[in-house]
2 protein chains.
Amino acid sequence: MQHNPISVLIVDDHPMVIEGLKTLLSDDDRVVVQTHFTNGKDTLEFLEHEKVDVVLLDVNLPDINGVEMVKFILEKRATVQILGLSTYSEPSIINQMIKNGVKGYLLKNATSDELVKAITKVYQGDFYFGSEVQKILADSVTQETIDIPKLTRRETHILRLIAEGKTTNTIAEELFISPLTVETHRRNLMQKMEVSNAASLIKVAVEKKLI
Amino acid sequence: MQHNPISVLIVDDHPMVIEGLKTLLSDDDRVVVQTHFTNGKDTLEFLEHEKVDVVLLDVNLPDINGVEMVKFILEKRATVQILGLSTYSEPSIINQMIKNGVKGYLLKNATSDELVKAITKVYQGDFYFGSEVQKILADSVTQETIDIPKLTRRETHILRLIAEGKTTNTIAEELFISPLTVETHRRNLMQKMEVSNAASLIKVAVEKKLI
DNA sequence: TTCAATATACCGGAAAACCAGTAGAAAAAA
DNA sequence: TTTTTTCTACTGGTTTTCCGGTATATTGAA
């Protein structure tokens, strides 16, 4: 089955993680680490003219945000399979990454075995999620993560201004619109966030990372 | 100078980080990795009857909190030097760790050179902080971290209730005090936080991690 | 082009928040 | 024990928010 080993590209800004991944993967001849990068830009440049089977992608890169990165990589190389990697498990981020096309997701406490398993699965076009990640995803369905309300541009803007402590009138002046309009927006915001005043509006906005 | 290499103990719950550290340190004969653990409990047990020169301690262990861990290790082995390691850089945590006795601190994006340098420095009894960490520490002195207003117990409590979207009257009922009293507290809170309404009160409270 | 979503704007009224100042009782610190 | 801080409470008044509606212009996607 494994005539050609699966070529892997590692993207992570931590040298020690890169070395660790290489070591963990070096024992297994089904997988070969082709190269590695510590930032998004170099990775994308490389993929411009080279190809790999699987990208091991850290979510927290110094230059490009992980969710964006998935999109960019797949734009360049639609056939590549991406396996997300991160230390912590933010349900919303994992969800976004999946939406953008990652085929698997592991936390960094994964063992060597799990790593190889994930890579081979993903390479075959299957999905693979670490057990903790699965748990998180399961929770996130029931939890509040799923109901992050979609705010319009104007609403997001006004939300920020409210958080800065500005009154309806001040905001209206700043945006050259009627205070009544601002109030309508604020009311829509509160309805979407299911709260009944500005204080808790800000709290849930922070919780849902909308600010 | 380096007759005996410095013996190092690695504590990190991520196998790939452990492998990475080992690899990064394997090139240098001034340092030898004696053993490694993935949790706090096993580490402390080991230190009960064995000794090492330097402990590379990840801040985020599954069982014991990093700040506590420093204290426990030094209680067991007062002569050991501890070098903190973490992915992110929380000024408050770094400060606490230093207070508890770590001699150095690195982010996980450190290079092999920096790692060895840090270990040798720390071993000699000196301090060593990665450049990013230094920046963070410097900032944390000048930045807003310092002017976290001291809230009284009652104020903290009421702040939480405000964040939950409760009105003055509701809070008063809940605490069996007059609404007027609650209002006084809220006004004091706003004054201390230098804001003029509940929305921004919550925002800065979140920023300053008071909620 | 048509339709849905978004941004705009209004009325009237109730509720809550905000402001400025004062002040006594209780608890904690000196 | 004295002093300071914290918690309590008030008067009286202004401003702002919040609520339940309604409604039109504009924009963007199908």
Side-chain angles (χ1 to χ4, degrees), chain A residues 68 71 75 96 99-101 144 146-211, chain B residues 146-211:
Chain A
E68 291 294 300
K71 214 166 59 187
E75 276 167 13
Q96 285 180 71
K99 218 170 276 170
N100 277 10
E144 61 239 286
I146 209 164
D147 56 276
I148 290 182
K150 282 150 218 146
L151 304 188
T152 69
R153 209 169 302 166
R154 204 54 155 177
E155 282 168 350
T156 311
H157 191 183
I158 289 174
L159 178 61
R160 290 232 168 77
L161 297 174
I162 293 172
E164 285 169 21
K166 300 195 168 139
T167 68
T168 299
N169 276 303
T170 317
I171 295 171
E173 274 170 37
E174 205 161 303
L175 301 181
F176 305 109
I177 55 179
S178 160
L180 298 163
T181 306
V182 177
E183 210 194 301
T184 304
H185 284 305
R186 201 199 33 236
R187 281 162 65 179
N188 291 337
L189 278 166
M190 292 198 296
Q191 203 169 8
K192 282 185 181 179
M193 316 280 258
E194 292 172 327
V195 296
S196 58
N197 62 44
S200 41
L201 177 66
I202 299 309
K203 202 197 69 165
V204 308
V206 170
E207 270 172 10
K208 296 188 193 293
K209 298 177 204 292
L210 294 171
I211 293 191
Chain B
I146 209 164
D147 56 277
I148 289 180
K150 281 149 218 145
L151 304 187
T152 69
R153 208 168 304 166
R154 204 52 154 180
E155 283 168 349
T156 311
H157 191 184
I158 289 176
L159 178 61
R160 291 232 167 77
L161 298 174
I162 293 173
E164 286 169 21
K166 301 195 167 140
T167 69
T168 299
N169 276 303
T170 317
I171 295 171
E173 276 171 34
E174 205 161 301
L175 301 181
F176 304 108
I177 55 180
S178 159
L180 297 162
T181 305
V182 177
E183 211 194 300
T184 304
H185 283 304
R186 201 196 38 234
R187 282 164 62 183
N188 291 337
L189 278 166
M190 292 198 295
Q191 204 167 10
K192 282 186 181 179
M193 316 279 257
E194 293 171 325
V195 295
S196 59
N197 62 45
S200 42
L201 177 68
I202 299 310
K203 202 196 70 164
V204 309
V206 170
E207 271 171 12
K208 296 187 192 294
K209 297 176 206 289
L210 295 172
I211 294 192

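Letters A, B, ... are given to chains in the order of the sequence lines, protein chains preceding strands, and every chain is numbered from 1.
As judged by a 4.0 angstrom heavy-atom cut-off over every strand, B/T184 is placed among the base-contacting residues.
Looking at B/I202 and B/L159, their side chains come closer than 4.5 Å, going by heavy atoms from C-beta outward. A/T156 is not listed as a side-chain neighbour of A/L210, based on a closest heavy-atom distance of 4.5 Å or more. Looking at A/T170 and A/E164, their side chains never come closer than 4.5 Å, going by heavy atoms from C-beta outward.
The residue among B/N197 and B/L175 whose nearest nucleotide of DNA chain D lies closer to the 5′ end is B/L175. Between A/R153 and B/G165, the residue whose closest nucleotide on DNA chain C is further toward the 5' end is A/R153.
For D/dT8, neither phosphate oxygen OP1 nor OP2 lies less than 4.0 angstrom from any side-chain nitrogen or oxygen of B/T181. Contact annotation: A/T152 side-chain N/O to C/dA7 OP1/OP2 distance is under 4.0 Å. A/T168 has a side-chain polar atom (N or O) that falls below the 4.0 Å cut-off from OP1 or OP2 of D/dT17. Using a 4.0 Å cut-off, some side-chain N or O of A/R186 falls inside it from OP1 or OP2 of D/dC18.
Annotation: salt bridge (Lys or Arg N to Asp or Glu O under 4.0 Å) contacts of A/E174 (sequence neighbours excluded): A/K166.
Closest approach of A/M193 to A/P149, counting heavy atoms only: SD-CG, 3.5 Å.
The distance between atom CD1 of A/I177 and atom P of D/dT26, rounded to the nearest whole Å, is 15 Å. Nucleotide C/dC18 holds its P atom 14 Å from the CG atom of B/N169, rounded to whole Å. A/E173 has its CD atom 10 Å from the P atom of D/dT16, to the nearest Å. Taking atom CZ of A/R187 as the reference point, atom C1' of D/dG20 lies 7 Å away to the nearest angstrom. Between A/R154 atom CZ and D/dG28 atom C1' the separation is 17 Å, expressed in whole Å. A/N188 places its CG atom 10 Å from the C1' atom of C/dA7, with the value rounded to the nearest Å. Rounding to whole angstrom units, CG of residue B/L180 and P of C/dC19 are separated by 16 Å. Taking atom CG of residue B/L201 and atom P of nucleotide C/dC19, one finds them 12 Å apart after rounding to whole Å.
Checked against D/dC7, C/dA16, D/dA9, the side chain of B/S178 finds its nearest nucleotide in D/dA9.
The base of D/dC10 does not come close enough to the side chain of B/E183 for any donor and acceptor atom to sit less than 3.5 Å apart.
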